[in-house]
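One structure is given below, encoded as structure tokens.
Computed over heavy atoms, backbone and side chain alike; hydrogens, waters and symmetry mates excluded. It should be emphasised that the depicted structure is a prediction, and the values quoted were computed from it without experimental measurement.
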Amino acid sequence: MNLASQVLALLAALTHLVVGTLERFFYDRTAVRVFLTTSAADAPEVTLWRSGVAVYNLLLGLGLVAGVVALHAGEPTAGRTLILYLCASLVASALAFAASFPRLWRGALGQGVPPALALLAAALR
């Protein structure tokens, strides 16, 4: 797997690790809510949902990091499989997110563009 696809996968990982951390540990801050949802409103009844989404984002980010580590640890098939599968999942998720919440299109781009570019770079080798 080429360097460009690895760097883009790590960018996608960083995005999901940061967003997951913000969702899980800092959502009570108004600036974080505005950054993530474009609204300062808080809905305490969605705490369970938000917590689950935060863990999802953290695990996706860690999975991409694990894929790159596996590539460099002599496990290219495992690493490539993790990276390609997770990047494809992130692109599909970003498309579903954009379709469901069009006003949050910037978030969908942030979620989907780096992994889409990683897939493109991997395909171009």
Side-chain angles (χ1 to χ4, degrees):
M1 183 165 266
N2 62 41
L3 181 61
S5 59
Q6 293 176 56
V7 169
L8 289 161
L10 288 174
L11 178 60
L14 179 63
T15 300
H16 282 77
L17 291 169
V18 168
V19 168
T21 300
L22 290 173
E23 289 168 335
R24 182 68 183 98
F25 300 108
F26 300 102
Y27 196 77
D28 58 330
R29 298 180 184 184
T30 302
V32 171
R33 287 193 304 275
V34 170
F35 174 71
L36 293 174
T37 68
T38 70
S39 170
D42 188 14
E45 61 274 8
V46 299
T47 298
L48 180 63
W49 163 82
R50 181 178 38 79
S51 240
V53 170
V55 171
Y56 155 86
N57 282 324
L58 291 167
L59 292 173
L60 287 169
L62 291 172
L64 286 169
V65 171
V68 173
V69 168
L71 281 175
H72 293 276
E75 296 293 339
T77 301
R80 185 173 171 80
T81 301
L82 271 172
I83 291 168
L84 294 177
Y85 175 78
L86 290 172
C87 283
S89 296
L90 291 174
V91 171
S93 180
L95 291 171
F97 184 62
S100 300
F101 304 100
R103 72 178 182 85
L104 298 176
W105 63 270
R106 285 181 211 86
L109 285 178
Q111 178 181 359
V113 169
L117 292 174
L119 291 171
L120 180 63
L124 297 177
R125 293 184 218 180

Is [Y] reachable from [X] through a run of hydrophobic residues whose side-chain heavy atoms are each under 4.5 Å from the next?
| X | Y | result |
| --- | --- | --- |
| Val68 | Met1 | yes |
| Leu117 | Leu119 | no |
| Leu90 | Val7 | no |
| Ile83 | Val91 | yes |
| Leu84 | Leu71 | yes |

Inset, instruction - Determine yes or no for a side-chain-to-main-chain donor-acceptor pair under 3.5 angstrom, with Arg33 supplying the side chain and Tyr27 the backbone. - result: yes

Legend entry - Sidechain-backbone polar pair: Ser93 side chain, Ser89 backbone, donor-acceptor under 3.5 Å: no

Among residues at least two apart in sequence or on other chains, which ones pass side chain to side chain contact (heavy atoms under 4.5 Å, CB included) with [X]?
| X | result |
| --- | --- |
| Leu109 | Trp105, Val113 |
| Phe101 | Phe97, Leu104 |
| Ser51 | Arg24 |
| Val34 | Thr30, Ala40 |

Within the structure provided, determine whether [X] and [Y] are in side-chain contact (heavy-atom separation under 4.5 Å).
| X | Y | result |
| --- | --- | --- |
| Pro115 | Leu86 | no |
| Phe26 | Leu36 | no |
| Val65 | Leu10 | yes |

Table please: side-chain donor-acceptor pairs of residues 12-19 below 3.5 Å, with sequence neighbours left out.
from: Thr15; atom 1: OG1; to: Leu11; atom 2: O; distance (Å): 2.9
from: His16; atom 1: ND1; to: Ala12; atom 2: O; distance (Å): 3.0

Legend entry - Inter-residue atom distance Gln6.CD - Leu8.CG, 0.5 Å rounding: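 Here the interatomic distance stands at 10.5 Å.
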
Legend entry - Of all pairs that satisfy ring pair (Phe, Tyr, Trp, His ring centres under 6.0 Å), the ones with a partner from residues 36-82, not counting sequence neighbours: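 Qualifying pairs: none.
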
At their closest point, which heavy atom of [X] faces which heavy atom of [Y], and how far apart are they?
| X | Y | answer |
| --- | --- | --- |
| Ala98 | Ala108 | CB-CB, 3.7 Å |
| Ala118 | Ala9 | CB-N, 3.8 Å |
| Ala54 | Gly20 | CB-O, 3.4 Å |
| Asn2 | Ala121 | ND2-O, 2.7 Å |

